Undergrad: 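Pasting a structure below so you can have a look.
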Amino acid sequence: QLVESGGGLVQAGGSLTLSCAASGITFKNYVIGWFRKAPGKEREGIGCFATTDAGTYYEYSMKGRFTISSNNAKNTVYLQMNSLKPDDMAVYYCAAKMGNYYAGAYCTQSTKYDYWGQGTQVTLSS
């Protein structure tokens, strides 16, 4: 089971860190991806973290403002978001892909994942 937390209301220009905590599975030989879904838009891949080599991959448009990191001892992967914009308002999801993979372009494709969290809402205020 994956549980996201950390969403909420934040001012434009602010920062927020989301957490994805795993229970029932251990963060070993998994890829954890982050996605978001805004109203009226398609689900969008942000990037991923691969436990195999602690590598990360980011969708090009997400580079620079978004950072994915992990705390294996807590079975948690984080998404730090900086300089938030109104367009960043969405429900954010984490997902897990089983297996010994390296981070790469595939990891922003939602169909590659086996487990999903319930999502956490990020709302922007101007």
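As the structure is a computational prediction, the values presented were derived from the model and not from experiment.
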Undergrad: Rounded to the nearest 0.5 Å, what separation is found between the CE atom of M81 and the CE atom of M62?
TA: 10.5 Å
Undergrad: Is there a path of hydrophobic side-chain contacts, each under 4.5 Å between heavy atoms of I, L, V, M, F, W or Y residues, that connects Y113 with Y115?
TA: no
Undergrad: Measure across D88 and S83 and return the closest heavy-atom pair with its distance rounded to 0.1 Å.
TA: OD2-O, 4.3 Å
Undergrad: Report yes if the side chains of N82 and S15 come closer than 4.5 Å at any heavy-atom pair, otherwise no.
TA: yes
Undergrad: Checking K37 against F35: charged group under 6.0 Å from the ring centre and within 45 degrees of the axis?
TA: no
Undergrad: Flag the pair L2 / W116 as yes when at least one side-chain heavy-atom distance between them is below 4.5 Å, and no otherwise.
TA: no
Undergrad: Could you pull out the closest heavy-atom pair between S125 and L9, with the gap in Å?
TA: CB-CD1, 3.9 Å
Undergrad: Count I, L, V, M, F, W, Y as connected when their side-chain heavy atoms are under 4.5 Å apart, and connections chain through other members. Are I46 and V91 then in the same cluster?
TA: no
Undergrad: Is it possible for you to say whether Y92 and F49 belong to one hydrophobic cluster, with membership spreading through side-chain heavy-atom contacts below 4.5 Å?
TA: yes
Undergrad: Report the distance from atom OH of Y102 to atom SG of C107, rounding to the nearest 0.5 Å.
TA: 14.5 Å
Undergrad: Does any non-hydrogen side-chain atom of E4 lie less than 4.5 Å from one of W34?
TA: yes
Undergrad: Check whether any side-chain heavy atom of Q118 sits under 4.5 Å from a side-chain heavy atom of Y93, and report yes or no.
TA: no
Undergrad: Locate the shortest heavy-atom distance separating I68 from C48; write the atom from each residue and the value.
TA: CD1-N, 3.3 Å
Undergrad: Side chain of T108, backbone of G45: donor and acceptor closer than 3.5 Å?
TA: no
Undergrad: Minimum heavy-atom separation for I32 and C20, please, with both atom names.
TA: CG2-SG, 4.2 Å
Undergrad: Mind checking the CD-CZ spacing from Q80 to F66? Nearest 0.5 Å is all I need.
TA: 11.0 Å
Undergrad: When you compare the side chain of L124 with that of K85, does any pair of heavy atoms fall below 4.5 Å?
TA: no
Undergrad: Quick check on the hydrophobic clustering: are Y30 and Y78 connected, directly or via other members, by side-chain heavy-atom contacts under 4.5 Å?
TA: no
Undergrad: State the CZ-SG distance between R36 and C94, to the nearest 0.5 angstrom.
TA: 15.5 Å
Undergrad: For the CG atom of L84 and the CD atom of Q11, what is their distance to the nearest 0.5 Å?
TA: 11.0 Å
Undergrad: Strictly by modelled atom types, are T76 and N71 linked by a side-chain donor-acceptor pair under 3.5 Å?
TA: no
Undergrad: If you measure from CG on L79 to OG1 on T67, what distance do you get to the nearest 0.5 Å?
TA: 8.0 Å
Undergrad: For A50 and V31, which heavy atoms make the closest approach, and how far apart are they?
TA: CB-CG2, 4.2 Å
